[in-house]
Amino acid sequence: LSISEWMSIWAQDYLVGVKASTAYLYMRTIELYIDPHLGHIRLDALNAHAVQHFYNELAKPSKPDAAPLSAKSIKNIHGVLHKALKQSVLIGYLRVNPTDACTLPRVIKKEMHPLEEEQVAAFLKEVQGSPHEYLYKIALFTGLREGEVLGLGWEHIDLENGILTVKRQLRKEQKKGGQYYFSPPKNNRARSISLAPSVVLLFRLQKLAQNSMRMEAGDAWQENGLVFSNQTGGYLSYRTVYDCFKRIVKKIGSPSTRFHDLRHTYAVACIKSGDDIKTVQENLGHATAAFTLDAYGHVTKQMKQDSAQRMEQFIQSVSIG
């Protein structure tokens with residue numbers, strides 16, 4: 001049994017219950033990287049050194065026309081290979097998993113760039129009148145991921161009590177001509193968010209705007225219950241939302257800002273305003289509060305420094321002489 005044959009068996013028989021998008025990425029990883037480099041090797045002949053050489057080759061290719069991969073990409077490839085070989089150990093094809101002994105390149109965390117207060121003000125001014133004005137504002141003031149915003153249905157929003165329930169996200173198959181579909185939120189956890197009154201108003205305004213679109217579309221309208229839809233009630237394209245967003249942030253002098261940075265901006269604003277980490281974690285849909293602390297530790301560090309400064313001012317104010 002070769003590595004190529006085992007990877008094919010694993011993908012077919014052991015990826016049961018994995019999200020379609022994840023399974024597709026696994027298959028592409030096998031096809032583009034694992035098969036060409038390791039596929040010819042017998043499964044029981046694979047050793048840690050061969051795998052390590054494979055990772056090193058991806059990071060610093062010996063072929064002059066080959067582009068090096070990032071540490072994050074190599075880690076992802078390792079994840080697929082490790083899972084497949086772990087299964088081969090469990091069923092007795094291998095005694096040990098050779099990937100366990102390998103060293104991966106260090107992944108340098110991308111620096112997040114939340115909008116500063118003056119940038120938020122400029123952004124809100126610039127989105128006025130945009131076809132996606134309410135979408136961008138709601139994303140900024142709820143911390144929802146892009147797919148979660150696009151997947152919102154009106155049945156998920158209790159406008160009377162100001163409660164939003166995140167139950168799904170809109171995804172698109174990662175292949176040419178891929179179809180849109182709904183999947184559970186990241187971490188497979190539904191969550192509820194209490195909305196500020198201003199955000200409830202944004203949803204009401206979006207409903208009015210959508211009613212106008214429905215009347216204008218007439219018989220062409222297809223009712224899907226989506227909060228954010230295209231002109232005929234269908235799925236709103238990721239590309240459409242992205243392109244419009246990039247034009248807006250370019251106008252405010254922040255062209256590198258990503259849609260996901262609206263989520264970071266929300267998180268930083270919550271922490272700075274005094275929300276406890278557990279609440280922020282639950283609103284963002286993170287798996288653990290520890291992850292939230294790790295992601296936004298720089299914010300809490302600054303808050304501690306500010307606290308120390310306030311204590312110093314207090315000490316100085318009560319000191320005599």
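Taken to the nearest 0.5 Å, the OG atom of S229 stands 12.0 Å off from the CG atom of L152. The line from CD of E173 to OH of Y24 is 9.5 Å long, rounded to the nearest 0.5 Å.
In this structure, S8 contributes its side chain and E5 its backbone to no donor-acceptor pair below 3.5 Å. A donor-acceptor contact shorter than 3.5 Å links the side chain of Q206 to the backbone of V227. N224 places a side-chain N or O within donor-acceptor distance of the main-chain N or O of G233, the cut-off being under 3.5 Å. Under the 3.5 Å distance criterion, the side-chain polar atoms of N161 are left unmatched by any main-chain donor or acceptor of D158. Using a distance-only test at 3.5 Å, with no hydrogens or angles considered, a donor-acceptor pair links the side chain of N230 to the main chain of G234. Between the N47 side chain and the A50 main chain, a donor and an acceptor come within less than 3.5 Å of each other. Between the side chain of Y238 and the backbone N or O of L170 there is at least one donor-acceptor pair closer than 3.5 Å. T142 places a side-chain N or O within donor-acceptor distance of the main-chain N or O of I138, the cut-off being under 3.5 Å.
Heavy atoms of other residues, nucleotides or ligands lying less than 6.0 angstrom from CD of E216 number 12 at most. Other residues, nucleotides and ligands place no more than 12 heavy atoms under 6.0 Å from the CD atom of Q179. Enclosure of atom CD in E117 is not indicated, since only 12 or fewer non-hydrogen atoms of other residues, nucleotides or ligands lie within 6.0 angstrom. Taking a 6.0 Å sphere around CD of Q231, one finds it holds 12 or fewer heavy atoms contributed by other residues, nucleotides or ligands. Atom CG of D65 is surrounded by more than 12 heavy atoms from other residues, nucleotides or ligands within 6.0 Å. The 12-atom threshold is exceeded at NZ of K246, counting heavy atoms of other residues, nucleotides or ligands nearer than 6.0 Å. Open room surrounds CD1 on I108; 12 or fewer heavy atoms of other groups in view lie less than 6.0 Å from it. The number of heavy atoms from other shown groups lying within 6.0 Å of CE (M213) is above 12.
Remark: E148 does not engage R189 in a salt bridge, criterion side-chain N to carboxylate O under 4.0 Å. Under 4.0 Å is where a charged nitrogen must lie from a carboxylate oxygen, and between D44 and R42 at least one such pair does. Using a cut-off of 4.0 Å between Lys/Arg side-chain N and Asp/Glu carboxylate O, R247 and D243 are scored as not salt-bridged. Using a cutoff of 4.0 Å between basic side-chain nitrogens and carboxylate oxygens, E155 and K167 are not scored as salt-bridged. Ion pair R263/E146 not flagged as a salt bridge, since none of the NZ, NE, NH1 or NH2 atoms sits closer than 4.0 Å to an Asp/Glu carboxylate oxygen.
Shown here for L115 and T265, the closest heavy-atom pair between the two residues is N-OG1, 2.9 Å. When all heavy atoms are compared, the tightest approach of R145 to R191 is NH1-NH1, 3.8 Å. Residues S192 and I163 come closest through the heavy atom pair CB-CG2, 4.2 Å. In this structure, L69 and Y33 approach most closely via the heavy-atom pair CD1-CE2, 3.6 Å.
For the residue pair D35/H40, the side-chain donor-acceptor check at 3.5 Å is not satisfied. Side-chain contact annotation: N76 with S73, donor-acceptor N/O pair under 3.5 Å absent. Between the side chains of T292 and H286, at least one donor N or O sits under 3.5 Å from an acceptor N or O. Looking only at atom types and distance, the side chain of Q12 has no donor-acceptor partner in the side chain of W10 under 3.5 Å away. Of the N and O atoms on the side chains of E312 and Q316, at least one donor lies less than 3.5 Å from an acceptor on the other residue. Using modelled atom types and a 3.5 Å distance limit, the side chains of Q281 and K278 yield a donor-acceptor pair.
Between L195 and L202, the closest side-chain pair of non-hydrogen atoms is not below 4.5 Å.
Under the rule for a ring-ring contact (aromatic ring centres under 6.0 Å, His included), the partners of H37 that lie at least two apart in sequence or sit in another chain are F54.
Sorted by first and then second residue, the ring pair (Phe, Tyr, Trp, His ring centres under 6.0 Å) pairs involving residues 175-209 (not counting sequence neighbours) are Y180-Y235, F182-Y235.
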